[in-house]
Amino acid sequence: MTTQRMEIDIQEVPGAEGVAILHFSGDLISESVRRINECFSAVGKKGKTYAIVDMTEVSLISSAALGEFMGCRKRLIEQHGDLVFSGLDLEMRTKLNLMGATKIFRIYTDIRTALNSYKWEIERQPEKIHVSFPPYLKIVPPLRQLVSRIARQKGYGNRDSFRIETIVDEICNNAVEHGKPGADDLIDLSVIIDPDKIEIDVRNMSDPDKVASLTALLLPENAEVDKLKPDVKRGRGLTLIKMLSDKLSVECTDRGTSVRVKKVREE
Amino acid sequence: MAKTEDNNEKKVFPYCRKISFPFSVNVRFPGDLDYIPAVRKFVSELLQVSNFSSKFAYRSEIIVDEICNNAVAYGCRTDDAQIELVNSIFDDRIEFTIRDQGGTKDNLRRLKTAVKTDADGKKEQTQQGLGLEIVRMLSERLDVVIDEENLTSVHVVRKREDDREELRPSN
Amino acid sequence: MESQIELSFEDIRGKQCAKLIRFIGDLDATNIEFVLEKVCNLINEGIVNIIADFKQLRYVNSTGLGILLHFSKTAREKGGCFKIANINENVYEIIEIIGATTLLEIYDDLDEATAALT
């Protein structure tokens, strides 16, 4: 069997200065080790500390080549970066697993996913989710679980995720309750999440008669009074949100009412 | 049981409105696999609170999963790509419309191949073809539209099942 | 990050090179890497006769199914097998739609699957 010559193409990523994408192709064998090393030295000289190694076109990887990648990764990690793989097919993943490499290297399905992970973890770039829904109370439980599950999926702990679920529940219930009677306007829920905090914004067309009572609930003295009334079924929502979150603001304009909450990750 | 719940709901939330069909819930999320489990479970729960059966909800969850996975894998080019899922819920059916950023030429070619059925009714069994095949089997209608700017939208219609089917004993 | 799946491993009494794997949760695109690594490690260690208990597997999609077929193929290539037992109706339906019921070894329960182990 003839070996396919290894080729390397280095690509920079606009907007992600620390990242280099290295497209490898052909067979990565012991003869390739020197070139792999030179390639990573060139990447390092350009100040890139995070290397995404695209393996889509690689047909073979030897233990010597893998060992070289390990050495390069170690050097990048010393500079607070990493070396990750992307684009491995099932066969190649199984081989790397057999060689014990999956315990060392992070593997992503494609370059975009690897890049997203870099932006999330290293650049701590926020991600946005938006849901618009009609003012039906029954939709709120699935909605609060949606946000809570996303938080958990993005690495937030159980306690934080549960608190986020409570916050979403309370704000959305308020939006449903304080909405303009008969209005068909949808409620907008926006969530901005990053590794350190989550910001939740719920916007709806409020009934003007209820806006005053809503904003009044923000006053500490009112909140305390409500908390002590055992016969009052509602009205503790904003008090609870205040206790669970780091920032709460209510804005009432002609375009509707917006309740914004910021919750810093604790765990 | 449901009536009692509704009554209690009314007592605590006197202004709350009952669900009336049709209605629409739109979800926009990053083109990242991480979000799909939460989104598909949301749709399943949304259908259950809208009085669709749990089986209907489960099958719809699979449809959402497959079309979202396709959108992430083949319809996102930039790292900030967003996917929009429109859930239009009628009393007798659900319609999903998913819009993505539109993939690369290569991805679009693969998508077209996966959607296309040849003269003998055989479909190409690529990983993507496999996902769309599940969607096709679980729905009444599946349309994939790729516009002039290569933006892709997938529209799926799934009808509420006959009650008798829900009661049919399993083998 | 991955969607929730748990795998637990148990020996199968009286059977050589065999393990029972219980799948708990959802098997989808976000966790195939994890599942792939765990099961392939077993196969590579010589545990080539595997029974997968799907009693608590709530969900599987086309990606998940892809790796189940991969496990079946790999185990067979090494002279073993990958048998599935206790599939719930919903998961079975998806396997059926894909036409994989003939490609996978599926049994009603664990006793039946264990008895079929050589």
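Every heavy atom of this structure was used, including side-chain atoms; hydrogens, water molecules and symmetry mates were not. In what follows, every chain begins at residue 1, and chains take the letters A, B, ... in the order their sequences are listed.
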- Query: In Å and rounded to the nearest 0.5 Å, what is the CG to CD1 distance from B/Asp34 to A/Ile193?
  - Reply: 10.0 Å

- Spacing of CD1 belonging to A/Ile150 relative to CZ belonging to B/Phe29, to within rounding of 0.5 Å: 9.0 Å

- Tell me, side chain or backbone of B/Gln82 under 4.5 Å from chain A's heavy atoms, or both, or neither? side chain

- Within 6.0 angstrom of A/Glu91 CD, more than 12 heavy atoms from elsewhere: no

- Item | A/Lys128 versus chain B, the contacting section by heavy-atom distance below 4.5 Å | both

- Message: Under a 4.5 Å cutoff for heavy-atom pairs, which residue among B/Val27, B/Ile19, B/Val25 has the most contacts with chain A?
- Response: B/Ile19

- Among the listed options A/Asp110, A/Thr113, A/Leu143, the residue most often paired with chain B at heavy-atom distances under 4.5 Å: A/Leu143

- Pairwise distance CG(B/Asp32) to NZ(A/Lys154) - rounded to 0.5 angstrom: 4.5 Å

- Item | Beyond-backbone contact of A/Pro142 with B/Val43, side-chain heavy atoms, under 4.5 angstrom | no

- Query: So with a 6.0 Å cut-off around CZ of B/Arg141, is the heavy-atom count from everything else above 12?
  - Reply: no

- Item | Rounded distance (nearest 0.5 Å) linking atom CG of B/Asp80 with atom CD of A/Glu127 | 10.5 Å

- Between A/Lys119 and B/Asp79 the two heavy atoms that sit nearest each other are NZ-OD2, 2.6 Å

- Message: Is any side-chain heavy atom of B/Glu45 closer than 4.5 Å to one of A/Leu146?
- Response: no

- Compare every heavy atom of A/Pro134 with every heavy atom of B/Ser24, then report the nearest pair and how far apart it is. O-CD, 3.5 Å

- Item | Point-to-point distance, once rounded to the nearest 0.5 Å, from CD1 of B/Ile36 to CD of A/Gln153 | 10.0 Å

- Within 6.0 angstrom of A/Glu57 CD, more than 12 heavy atoms from elsewhere: no

- Task: Name the region of A/Ile187, side chain, backbone, both or neither, that has any atom closer than 4.5 Å to a heavy atom of chain B.
- Result: neither

- Task: Heavy-atom distances under 4.5 Å only: say whether B/Ser44 touches chain A with side chain, backbone, both or neither.
- Result: neither

- Message: Below 4.5 Å, heavy-atom pairs only: which of B/Leu85, B/Thr78, B/Asn87 has the largest tally toward chain A?
- Response: B/Thr78

- B/Val49 and A/Tyr136, any side-chain heavy atoms less than 4.5 Å apart: no

- Task: Please report the closest heavy-atom contact between B/Gly31 and A/Arg112, naming both atoms and the distance.
- Result: O-NH2, 2.6 Å

